[in-house]
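Shown next, in structure tokens, is the structure this report addresses.
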Amino acid sequence: MKSIAHFSLYGIPALVGILAFALVQFYFGDVNSFYEKNLRASLFTGFLTMGGFLLSLKTGILIKIKESLYDNKQYIEKVEELRTINPKLTQYGPLKRLSRVLSFSVFFCLLSASSQFTVGLLMNSWSTAFCLAISAFSMSMLIASFLVIQLNLSKWFQFLEKGSTP
């Protein structure tokens, strides 16, 4: 089960990036001029903005969810009860995973932004394919981050509505 979750979070975005690289490099032909004129600056701006936004969001959402859900006495009791079944469970495990996914997303958004004006300036088919692939990977990681955030928020809202453990 854990390997399926890791593949969903990291493997699928990696496959999207590899597919984007292959499509740009081997299928679409010459996209260098289109990339230079229409995409490079927008990708730089978009991913730089998204990386900064995610960085600020990460701190705020992690602290709020930790205080409201993971530090709650009822939640802690539920985790202790479930540890009898699975001793590997930890109180902050889901929060650590959320933090890791958000950090990974921030890193790749900033890497994608910086690659647009470093590697992207080389203007050959390999550099264009790399820049578009890293952008596709970063976008896929953003979607994965959204899904993990949504799962945590869903658990939190469920907890708030029931007034008991999720």
Side-chain angles (χ1 to χ4, degrees), residues 1-23 42-120 129-166:
M1 181 70 172
K2 191 174 183 178
S3 62
I4 293 171
H6 278 103
F7 178 76
S8 298
L9 284 177
Y10 305 109
I12 292 174
L15 289 176
V16 168
I18 291 167
L19 180 64
F21 182 85
L23 285 174
S42 297
L43 289 173
F44 171 76
T45 304
F47 281 110
L48 186 63
T49 302
M50 188 56 68
F53 174 73
L54 273 178
L55 192 58
S56 64
L57 172 78
K58 178 184 178 221
T59 304
I61 198 167
L62 289 176
I63 289 172
K64 189 63 179 169
I65 290 177
K66 178 190 175 289
E67 291 171 350
S68 300
L69 179 62
Y70 294 104
D71 284 345
N72 187 288
K73 182 182 175 186
Q74 292 172 329
Y75 178 82
I76 295 169
E77 290 171 358
K78 183 68 171 179
V79 170
E80 289 299 324
E81 179 182 315
L82 291 173
R83 274 193 193 142
T84 59
I85 299 168
N86 183 359
K88 293 182 179 181
L89 286 179
T90 63
Q91 178 180 346
Y92 296 112
L95 197 62
K96 287 178 187 176
R97 284 186 287 280
L98 175 60
S99 176
R100 193 175 310 123
V101 168
L102 285 173
S103 294
F104 205 64
S105 293
V106 167
F107 174 76
F108 277 98
C109 279
L110 297 176
L111 180 66
S112 181
S114 64
S115 71
Q116 305 308 316
F117 280 104
T118 53
V119 177
F130 172 80
C131 289
L132 292 175
I134 196 83
S135 296
F137 175 78
S138 297
M139 196 64 195
S140 299
M141 280 304 303
L142 287 173
I143 293 168
S145 297
F146 170 75
L147 293 174
V148 173
I149 290 170
Q150 192 59 38
L151 288 172
N152 275 273
L153 289 176
S154 175
K155 190 183 292 186
W156 184 21
F157 294 145
Q158 181 183 24
F159 177 77
L160 291 173
E161 285 183 6
K162 288 183 180 179
S164 63
T165 55

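Values reported hereafter were calculated over all heavy atoms of this structure, with side chains retained and with hydrogens, waters and symmetry mates removed. Numbers here simply count residues along the sequence, with the first being 1. Predicted model, so just to flag it, every value in this text is computed and none were measured.
- Put simply, CZ on F108 and CG on L142 are 12.0 Å apart, with the number rounded to the nearest 0.5 Å.
- Shown here for F44 and A113, the closest heavy-atom pair between the two residues is CD1-O, 3.0 Å.
- Atom CG of residue L69 and atom CG of residue L153 lie 10.0 Å apart, to the nearest 0.5 angstrom.
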**Study point:** Derivation of the side chain to side chain contact (heavy atoms under 4.5 Å, CB included) call for S135 and Q116
**Key:** CA-CA 9 Å; S135 296; Q116 305 308 316; 3.1 Å; yes
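- Residue F53 qualifies as open at atom CZ: its count of foreign heavy atoms under 6.0 Å is 12 or below.
- The backbone N or O of S42 sits nowhere less than 3.5 Å from a side-chain atom of T45 that would complete a donor-acceptor pair.
- Taken from CE in M50 to CG in L43, the straight-line distance is 12.5 Å, to the nearest 0.5 Å.
- When every heavy atom of S138 is checked against every heavy atom of C109, the shortest pair comes out as OG-N, 3.9 Å.
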**Study point:** side chain to side chain contact (heavy atoms under 4.5 Å, CB included) assessment of L102 paired with I149
**Key:** CA-CA 9 Å; L102 285 173; I149 290 170; 3.7 Å; yes
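- Residues forming a salt bridge (Lys or Arg N to Asp or Glu O under 4.0 Å) with K64 (at least two apart in sequence, or on another chain): none.
- Taking both residues in full, the closest heavy atoms of G51 and L110 are given as CA-CD2, 4.1 Å, listed atom of the first, atom of the second, then distance.
- Here the CD-CD1 distance, from Q74 to I76, works out to 10.5 Å after rounding to the nearest 0.5 Å.
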Exercise for review: Apply the test side chain to side chain contact (heavy atoms under 4.5 Å, CB included) to residues Y10 and V101: give CA-CA distance (whole Å), side-chain angles for both, the deciding distance (0.1 Å), then the verdict.
Suggested key: CA-CA 9 Å; Y10 305 109; V101 168; 3.6 Å; yes
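- A 4.5 Å side-chain heavy-atom check between M141 and F137 finds at least one atom pair inside the cut-off.
- The backbone N or O of S56 lies less than 3.5 Å from no partner atom in the side chain of T59, so there is not a single donor-acceptor pair.
- Taking the six-membered ring where tryptophan is involved, the planes of Y92 and Y70 are tilted, since the angle between them lies from 30° to 60°.
- Considering every non-hydrogen atom in both R83 and T90, the closest pair reads NH2-CA, 3.6 Å.
- Between the S99 side chain and the L95 main chain, no donor and acceptor come within less than 3.5 Å of each other.
- With rounding to the nearest 0.5 angstrom, the CG atom of N72 is 11.5 Å from the CH2 atom of W156.
- Checking side-chain atoms of S140 against main-chain N and O of A136 turns up a donor-acceptor pair under 3.5 Å.
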Practice item. With side chain to side chain contact (heavy atoms under 4.5 Å, CB included) as the test, would you mind laying out the steps for L98 and K58 before giving the verdict? Key: CA-CA 9 Å; L98 175 60; K58 178 184 178 221; over 6 Å; no
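- Atom CD1 in I12 sits 12.5 Å away from atom CG in L19 (nearest 0.5 Å).
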